[in-house]
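See structure below.
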Amino acid sequence: MSVCNSGDVKLDAAVNNWLKLDKNPKTRKEVEEDIASSRWDKLRGTMLHRLKFGTAGLRGPMTAGYKAMNDVVVLQTAQGLCSYVKKVCSQSQLHNGVVIGFDGRYNSKRFAELTAKVFISSSIPVHIFSAVCATPLVSFGTILYGAAAGVMVTASHNPREDNGYKVYWGNGCQIITPHDDNILEEIEQCLDIPEDHWDINEIRAHELLKDCQDEVTNKYLETIISLSPDILEDNKKAAIDVVYSAMHGVGYEYILKAFDVANLKAPISVKQQQDPNPDFPTVKFPNPEELECLELSKKLAEERGVKLVLVNDPDADRLAVAEYDDSTKSWHIFTGNEMGALLGWWLLQQYCKKNGDDNELYIMASIVSSKMLKTIVKGKGEFVETLTGFKWMGNTTLLLAQEGKVPLFAFEEAIGYMCDHRVPEKDGVSAAVQVASLASHLYSRGSSVLSQLHALYAQYGYHVTHNNYYICHQQATIQKIFRRIRNYTSPGEYPKKVGSCNVVYINDFTAGVKIPDEVNGEGHHLKVLGTGLDRDYTSGEMVLFKCDNGLSVTIRTSGTEPKLKYYSELVCQAPTRSEQEVMNNKLKEMVKEFVEELLQPTENGLIG
């Protein structure tokens with residue numbers, strides 16, 4: 001057996017301990033080769049720190065080491081989670097067990113079964129999917145069974161080298177503070193791995209393990225059937241064609257079933273991307289926010305004369321939408337903000353038609369998403385902002401529902417939508433059904449999804465957004481950028497003018513500074529608990545600027561990726577498409593000034 005003798009006492013202890021624990025020949029070999037080749041810096045990077053729970057649990061490359069996704073880290077994480085739920089959950093929850101799902105990436109099924117083994121070894125029942133599943137079904141299943149927790153093994157739209165471990169609390173929402181911190185602490189107490197936890201050969205035959213695939217899927221589909229009879233009838237009559245891509249992920253079978261129960265015509269599938277394939281051979285990154293990911297779908301749609309394209313990400317919790325615009329003879333790819341406004345309006349229309357105006361109605365969006373729905377919902381209900389990440393919208397949804405209120409819809413600009421509060425998570429399957437139903441309604445009346453968006457702009461004002469990001473691997477650079485923003489002209493002085501824009505309000509979430517302290521009803525989000533905005537911000541860096549010309553810009557770090565993101569919105573009257581184009585260009589110019597002045601991408605070596 002290899003022994004690490006790097007001369008670094010701390011590193012040697014970590015690596016030698018790893019070699020004692022790891023029984024996976026592939027990752028063992030990787031570490032042994034690193035030792036033989038004296039790759040001490042690499043080993044320091046992977047062995048001296050652990051993966052932390054970010055916005056979506058654990059995510060990292062599938063390599064050896066504590067800062068990666070592998071058998072050792074998964075077993076230790078499962079052991080920590082198991083120990084934690086045994087300490088804090090009721091006996092009835094523990095009796096109801098845990099729910100475990102997995103996507104089609106390399107090792108996902110194995111990581112799911114290793115997790116299951118840890119729980120059944122503690123006599124806790126496990127409901128596990130027999131095949132790949134859509135992420136929102138684990139959220140739904142956790143609620144369905146009254147389970148103590150849920151685990152979804154997925155890295156969503158991350159590169160093919162990655163995997164992840166998403167944890168749901170018993171309420172079906174992604175874990176938030178204090179559970180994430182407490183579970184991390186518990187993992188530190190559960191690092192030894194019993195020999196028995198490695199043996200998963202006969203796990204599917206264990207009496208405490210139940211296959212939940214069909215039951216959860218069928219119950220989930222009942223939430224789709226609850227569309228109003230009018231819409232089901234509309235869908236049947238319109239019989240519109242839709243091109244659909246599962247992006248080499250898990251969505252296809254679920255979309256087929258969901259479209260069927262919603263009386264929608266079976267979608268035309270992009271065959272090259274239909275089945276789970278962990279190599280994602282047709283795309284660089286399997287993220288439907290990247291425009292190249294829609295190319296095959298658009299091509300097939302053009303060949304078949306189809307106007308509407310729907311694309312899920314690989315774990316089917318997000319949805320990209322494109323529509324062919326006859327007037328410009330080009331494709332319009334809807335931003336998350338545009339589709340959020342359309343879906344919010346559509347669900348609001350349906351609800352009010354059935355129930356009348358209801359001020360107990362709530363629509364949610366992350367704080368970096370468009371505020372257009374705030375205008376649309378006015379007089380009919382409340383608009384609530386949360387921190388970024390669906391864990392906050394999910395938890396807010398449940399708190400509102402417990403108070404007898406109606407959490408109708410939630411969205412984030414990163415193409416994530418919650419169309420039914422019974423699944424308190426972004427859900428690309430139910431969103432696809434709602435978009436196709438909206439299109440059916442509009443097409444049968446001689447309109448289109450894009451035309452409806454322009455009708456909303458005419459009624460509620462043009463809300464133009466522009467979002468993007470830079471890659472930055474250096475934490476010191478990030479700190480330098482935000483230190484400069486906070487000490488812009490002199491210590492403690494924030495920018496009063498950026499480019500041609502006069503700044504009238506700043507909210508530095510990380511530092512807890514607002515300038516001025518209260519303006520234009522800022523702070524209204526505090527009315528609703530659970531949003532994440534009712535506590536200190538600890539998720540990295542985030543600063544919001546509002547200007548006197550109606551521009552707002554937010555700069556923040558990502559919780560899951562080495563990204564420095566910026567978000568902007570300008571609200572104005574621009575009824576015609578040519579006027580809107582002028583405003584688009586104007587926004588981009590103003591945002592460019594913000595970015596160049598505050599982020600200094602060239603000077604800081606940011607990767608665009």
- Item | Neighbour count above 12 (heavy atom, 6.0 Å) for Lys586 NZ | no
- Does CD in Glu292 sit with more than 12 non-hydrogen atoms of other residues, nucleotides or ligands closer than 6.0 Å? yes
- Message: Between Thr27 and Asn70, does the side-chain hydrogen bond (donor to acceptor under 3.5 Å, both in side chains) criterion hold? Intermediate values first, please.
- Response: CA-CA 8 Å; Thr27 41; Asn70 49 62; over 6 Å; no
Using modelled atom types and a 3.5 Å cut-off, is there a donor and acceptor pairing between side-chain atoms of [X] and backbone atoms of [Y]?
X      : Y      : answer
Asp313 : Arg318 : yes
Glu385 : Met364 : no
Gln79  : Cys190 : yes

- So do Tyr66 and Thr46 actually touch side chain to side chain, heavy atoms under 4.5 Å? no
- Item | Any side-chain heavy-atom pair of Ser156 and Asp317 under 4.5 Å | yes
- State whether Tyr469 and Lys563 meet the cation-pi test: NZ (Lys) or CZ (Arg) under 6.0 Å from the six-membered ring centroid, and within 45° of the perpendicular axis. yes
- Query: Any chance the rings of Phe594 and Phe545 have centres within less than 6.0 Å?
  - Reply: yes
- Between Lys565, Lys480, Arg486, Arg483, which is the residue that forms a salt bridge (Lys or Arg N to Asp or Glu O under 4.0 Å) with Glu541? Arg486
- Query: Say you draw a straight line from CZ of Arg28 to CG of Leu21; how long is it, rounded to the nearest 0.5 Å?
  - Reply: 9.5 Å
- Decide whether Tyr567 and Arg556 meet the rule of one side-chain donor and one side-chain acceptor closer than 3.5 Å. yes
